[in-house]
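Notes to accompany the following structure.
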Amino acid sequence: MIRIYNTLHKKKEDFIPLEEGKVRMYVCGPTVYNFIHIGNARPMIVFDTVRRYMEHKGYEVNFVSNFTDVDDKIIKKAIEEDVPSEEISRRYIDECKKDMEGMNIKPATVHPLATQEIDGMLDMIGTLIEKGYAYAVNGTVYYRTRKFKEYGKLSHKNLDDLQAGNRALLVSGEDEKEDPLDFVLWKPKKEGEPYWTSPWGDGRPGWHIECSVMSCKYLGEQIDIHGGGEDLVFPHHENEIAQSEACSGKEFARYWMHNAFLNIDNKKMSKSLGNFFTVREISEKYDLQVLRFFMLNAHYRSPLNFSAELMEASQNALERILTAVDNLKFISEHAKTESLTEEESGKIKEAEHFEEAFDASMDDDFNTADAITAVFDLVKYANTNVREGSSRAFADALGEKIKELCDILGIITEKKEELLDSDIEALIKERQSARKEKNFARADEIRGLLLEKGIVLEDTREGVKWKRA
Ligand code: AMP
Ligand code: ZN
């Protein structure tokens, strides 16, 4: 049984899906005005791992994660560069997807864009007005917060305390609100900004409404898991609950999961402090798998400190796993016997408890730190038990097991082999003779093989040329 720490009830609870065998999951995605930073990478890695583990357990996971592609920061950047704001959002969505691929994050089932879902937002805002949960003043639509009796249930805040804290925050121009706690659903257009027409005037949506709309459209009125960084608990997720539940009259999400923050050298990451890294910058120094491995070495609800030393340590630790898998492959390829001896069968049986420990850790609110310890215990076991005289089946079985567990964590165990120039030329020669013999299947296979390793072939009049892509 998987247990999840639910922010809503501040405790771990058994995971029981709404529909047997299925998981509906929504994770708030990034605002795309720049390359994503390593803080943004944390929820991506965490929730991709949650998804992978759920799939490993046999669930069919419908995973939705948005891109916020209309926002003040995007508009600001577009003005700076003197380009349309879609150009900015399109560019950074593409870059974000490249970074995700580098971190081995599976694409979501759907990645909706806010700007493509405006109609749905207009509908939901309309319903909220009809039901008395929202009102329009001078082209702005506000959510009537006090009308939603359960407001504050996720962040465990009391409305009156919020009100006291909020009074000072009331900015000029917001005095048209009925109550300082009311938040914006729709705001009127400003000169030079993207806008859409609406029954309340031209304008654009507030940020919170998009997630309520997209999650309902792609997953239904009720979902199993809603995730994001802990900074989103209030007000973003609190507001999502207010919007969605006022609209549907049903509980919106059953389990609310929040990752803790990533800090750098024990300080909050910020551009002004100069301790700010994009994922792209990290990729220039490390394979992004190392970043993933580093993140998973901590429990997702613990604050995580990023430093060069910790990254080096992660790189070395990951290397130990990859080397073990490589050694097992070598032993398998050179094994003198095929099948398991009785002793080896016993050892495979004994090794099952590493997998059980892995699952028990993951079942316990996705404790990836302990799950990785179980992987290392298995690696150690393989290193001491598989040796030169072992059978192929034994080396393969333990190698497969390590690979399988790493795969659940999204860690690829194959070493990325660099092909030597001489290997490449030998393969090209083989391809030439295959072509001569009209064995085009083999010729294509070789081309594909080389391409996989990043080697591009070009057939020219002078012969075959190649380059590393
Ligand atoms: P944003 O683009 O700011 O809306 O953030 C996208 C996601 O990244 C949200 O789930 C945030 O909570 C999360 N996030 C932003 N900064 C950090 C950080 N330093 N550590 C962990 N998560 C973060
Ligand atoms: Zn959201």
Side-chain angles (χ1 to χ4, degrees), residues 7 25-48 50 63-74 76-77 88-89 92-93 95-96 99-100 103 105 108 111-114 117 120-121 124 154-155 183 185 205-219 223 225-244 252-253 256-273 275-279 282 291-292 294-296 298-307:
T7 309
M25 191 167 163
Y26 185 96
V27 176
C28 301
T31 307
V32 278
Y33 64 99
N34 205 335
F35 288 97
I36 56 163
H37 58 65
I38 54 176
N40 300 136
R42 192 170 190 195
M44 289 180 180
I45 292 170
V46 162
F47 293 107
D48 179 61
V50 168
F63 183 97
V64 177
S65 191
N66 65 313
F67 284 113
T68 299
D69 63 343
V70 53
D71 173 86
D72 289 343
K73 293 189 198 114
I74 302 173
K76 183 166 168 260
K77 181 102 171 183
I88 300 292
S89 53
Y92 291 113
I93 287 171
E95 298 298 353
C96 176
D99 289 335
M100 285 170 69
M103 295 184 286
I105 292 165
H111 279 289
L113 308 182
E117 309 287 345
M121 299 189 217
M124 190 177 270
L154 179 70
S155 50
F183 60 90
L185 298 172
W207 169 39
H208 314 298
I209 193 75
E210 70 181 76
C211 292
S212 285
V213 167
M214 297 177 192
S215 123
C216 182
K217 173 166 171 187
Y218 296 100
L219 297 168
I223 66 172
I225 300 175
H226 193 118
E230 65 184 4
D231 58 321
L232 300 186
V233 174
F234 184 85
H236 184 55
H237 289 165
E238 199 69 72
N239 292 354
E240 281 187 38
I241 292 176
Q243 294 162 161
S244 297
F252 172 35
W256 287 87
M257 293 179 67
H258 294 98
N259 65 274
F261 256 44
L262 176 88
N263 297 316
I264 297 194
D265 295 325
N266 292 313
K267 287 188 217 84
K268 190 174 171 5
M269 182 164 56
S270 96
K271 268 200 173 139
S272 55
L273 286 175
N275 61 354
F276 179 94
F277 293 111
T278 63
V279 170
I282 298 302
L291 184 64
R292 181 171 186 124
F294 159 78
M295 299 253 189
L296 295 179
H299 188 271
Y300 74 91
R301 283 188 292 111
S302 311
L304 176 57
N305 189 43
F306 181 93
S307 72

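Atoms within each ligand, like the ligands themselves, are counted from 1 in listed order.
- At the Zn ion (ligand 2), the vertex angle linking NE2 of H236 with SG of C211 is 110° (nearest 10 degrees).
- Counting only heavy atoms of the protein, atom 13 (C) of ligand 1 lies nearest to P43 CG, 3.7 Å.
- Numbered from 1 in the order shown, with element, the atoms of ligand 1 that lie under 4.0 Å from a heavy atom of L232 read 9 (C), 10 (O), 12 (O).
- The closest approach between H37 and ligand 1 falls below 4.0 Å for a heavy atom of the residue.
- Here Y218 and Y26 keep their ring centres 6.0 angstrom or further from each other.
- Side-chain atoms of N34 never come within 3.5 Å of backbone atoms of Y92 as a donor-acceptor pair (strictly under, hydrogens ignored).
- Each of H226, E230, H237 was checked for a side chain to side chain donor-acceptor pair (under 3.5 Å) with H258, and the lone residue meeting it is H237.
- Considering only non-hydrogen atoms, atom 23 (C) of ligand 1 lies nearest to G39 out of G39, C28, P30, G228.
- For atom 12 (O) of ligand 1, the closest heavy atom belonging to the protein is D231 OD1, 2.4 Å.
- For N259 (side chain) and R301 (main-chain N/O), no donor-acceptor pair under 3.5 Å exists by modelled atom type.
- A side-chain donor-acceptor contact under 3.5 Å links Q243 to the backbone of H208.
- Residue H237: no N/O/S atom is found under 2.8 Å from the Zn ion (ligand 2).
- Side chains of V32 and I88 form no contact here, defined as non-hydrogen atoms less than 4.5 Å apart.
- Residue-to-ligand polar distances keep E230 apart from ligand 1: every N/O pair is separated by 3.5 Å or more.
- When atom types are taken as modelled, the side chain of H111 and the backbone of S65 share a donor-acceptor pair closer than 3.5 angstrom.
- Not a single donor-acceptor pair under 3.5 Å links the side chain of N66 to the backbone N or O of P112.
- Atom OE2 is the N/O/S atom of E240 found closest to the Zn ion (ligand 2).
- Residue contact annotation: G227 has no non-hydrogen atom under 4.0 Å from ligand 1.
- Residue N40 has at least one nitrogen or oxygen atom sitting less than 3.5 Å from a nitrogen or oxygen atom of ligand 1, judged on distance alone.
- At under 3.5 Å, a nitrogen or oxygen of L262, whether backbone or side chain, sits near a nitrogen or oxygen of ligand 1.
- Taking any N or O of T31, backbone or side chain, at least one lies under 3.5 Å from an N or O belonging to ligand 1.
- Of all the atoms in ligand 1, the ones that sit under 4.0 Å from a non-hydrogen atom of A260 are 21 (C).
- Close approach of ligand 1 to N259 (heavy-atom distance below 4.0 Å) involves ligand atoms 21 (C), 22 (N).
- Between G229 and ligand 1, an N or O atom pair is found at a separation short of 3.5 Å.
- Here the side chains of F35 and V279 are not in contact, with every heavy-atom distance at 4.5 Å or above.
- By the 4.5 Å heavy-atom criterion applied to side chains, D231 and F261 are counted as neighbours.
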